S.K.: 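Pasting a structure here, questions to come.
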Amino acid sequence: MMVFDHDSVVAFSKSFGLIYLVVLSLICLAWTYWPSNKKGFDEAARMPVLEEEDRPWR
């Protein structure tokens, strides 16, 4: 039977969390710069701004 102490659980969770966030960031970066997604990002860049007024409502 394996017994985990607090320090080993914390070390594992820190390592796993770091690896998880790095992998997730790389996936997001790859998806952003994937050539087939360029059309969607270009369309979003040309969308009109909904709120152009910079004053109170009333």
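Everything numeric in this text was worked out from a predicted model, so none of it was measured.
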S.K.: How close do Val9 and Phe4 get, heavy atom to heavy atom, and via which atoms?
M.R.: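 For Val9 versus Phe4, the nearest heavy atoms are CG2-CB, 3.7 Å.
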S.K.: If I take atom CG from residue Leu26 and atom CG from residue Leu21, how far apart are they, to the nearest 0.5 angstrom?
M.R.: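 Between Leu26 CG and Leu21 CG, I get 11.0 Å after rounding to 0.5 Å.
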S.K.: When rounded to the nearest 0.5 angstrom, what distance separates CG in Asp42 from CG in Asn37?
M.R.: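 Taking CG in Asp42 and CG in Asn37, the distance rounds to 11.0 Å.
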S.K.: Of the non-hydrogen atoms in Ser13 and Val10, which two are nearest, and what is the gap between them?
M.R.: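 So the minimum-distance heavy-atom pair works out to OG-O, 2.9 Å.
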S.K.: Would you say Tyr33 has more than 12 foreign heavy atoms packed within less than 6.0 Å of its OH?
M.R.: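 Counting other residues, nucleotides and ligands, OH of Tyr33 stays at 12 neighbours or fewer.
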S.K.: Treating Ile, Leu, Val, Met, Phe, Trp and Tyr as nodes and any side-chain heavy-atom pair under 4.5 angstrom as an edge, say whether Trp31 and Val23 lie in one connected cluster.
M.R.: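 Each belongs to a different hydrophobic cluster.
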